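Everything quoted here is computed from the prediction, not taken from an experiment.
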Amino acid sequence: MGDLKRRITPAAWGLAIGTGMAALMAALLLGYHLHRPVQTASLIGTALTLEAQPAAVAAAAMRYPTVPGAIISVLANLAPMPFLTLGVDLVIQAWPWAQKHVSHAHQRVQRYSRWGPVVFVLLSSFIGAYVAIAAGESLGFNPRLTFWTTVAGMLWSVTAIAVGGHWIAQILAG
């Protein structure tokens, strides 16, 4: 289970900033490579504010290429996740009320700590990656397992939306 008193170091913040910026830069570079900077910025903004699934729908609506649109949606959605993990830790550490409730939640879900995050493969497409990461962190699940199961859920749902959206757009186009 996660430790409620985990110390957040400057190196952790640096890693979070670097990881988030790398994901955003990769998304931007892919969009510039496709010569679609405005549409790429729109997809990134949608993924950052509304999650990857609505960004995949937007990509299909803009007739953005299927695979790059899905990749950009996922990369942009991944950018804030390290900050969410550290932010939840800071909130838990700063508020005694949150510490008490999280401690009770840790006790209740301890028996599910090993395989509990696997539920986020399915749930992350419905509740969103940001909520899944925050829930996994506050429940004390393994952060790596929570992250990777959330990413797996994002990948399958964004792929289904991107492929399905382009398929529907082809049917409607005639």
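By the 6.0 Å contact criterion, CH2 on W13 is enclosed, its count of non-hydrogen atoms from other residues, nucleotides or ligands being greater than 12.
Minimum interatomic distance between V121 and A152 (heavy atoms only, all atoms of both residues): CG2-CB, 4.3 Å. S125 and W156 make their closest contact through OG-CZ2, 3.5 Å (heavy atoms, listed as atom of the first residue, atom of the second, distance). Taking all atoms of both residues into account, the shortest heavy-atom contact from I161 to A56 is CG2-CB, 3.6 Å. What you find for L139 and A105 is that their closest heavy atoms are CD2-CB, 3.8 Å. Counting all heavy atoms, side chain and backbone alike, T146 lies closest to A132 at CG2-O, 3.9 Å. Pairing each heavy atom of H106 with each of E137, the nearest pair is NE2-O, 4.4 Å.
Between L28 atom CG and L75 atom CG the span is 10.0 Å, to the nearest 0.5 Å. Atoms CE and CG, on M81 and L86 in that order, are 13.5 Å from each other to the nearest 0.5 Å. Put simply, CG on L155 and CH2 on W148 are 9.0 Å apart, with the number rounded to the nearest 0.5 Å. Here the CD-OG distance, from E51 to S73, works out to 11.0 Å after rounding to the nearest 0.5 Å. To the nearest 0.5 Å, the span separating CZ on F147 from CG on L78 amounts to 5.0 Å.
Side-chain atoms of L34 and Q39, non-hydrogen and from C-beta on, never get closer than 4.5 Å to each other. Looking at W115 and T149, their side chains never come closer than 4.5 Å, going by heavy atoms from C-beta outward. Side-chain contact check for P68 versus R36: every heavy-atom pair is 4.5 Å or farther apart. Counting only heavy atoms from C-beta outward, the side chains of Y64 and T40 approach each other to under 4.5 Å. L48 places a side-chain heavy atom less than 4.5 Å from the side chain of L24. Residues Y130 and N77 are in side-chain contact: their nearest non-hydrogen atoms beyond the backbone lie under 4.5 Å apart.
Hydrophobic cluster membership is shared by V158 and I44, with clusters built from Ile, Leu, Val, Met, Phe, Trp and Tyr side chains linked at under 4.5 angstrom. A continuous path of hydrophobic side-chain contacts links F120 to Y112 [ILVMFWY only; heavy atoms under 4.5 Å]. Put simply, Y32 and L43 are part of the same group of oily side chains (I, L, V, M, F, W, Y) that touch within less than 4.5 Å, one to the next. Clustering ILVMFWY residues whenever any of their side-chain heavy atoms sit less than 4.5 angstrom apart, transitively, puts M154 in a cluster other than the one holding L122. Cluster membership for L30 and M62, using ILVMFWY side-chain heavy atoms within less than 4.5 angstrom, is shared.
Classification of the W97-H101 ring pair by plane angle, with boundaries at 30° and 60°, yields tilted.
A donor-acceptor pair under 3.5 Å is formed between the side chain of Q99 and the backbone N or O of I92.
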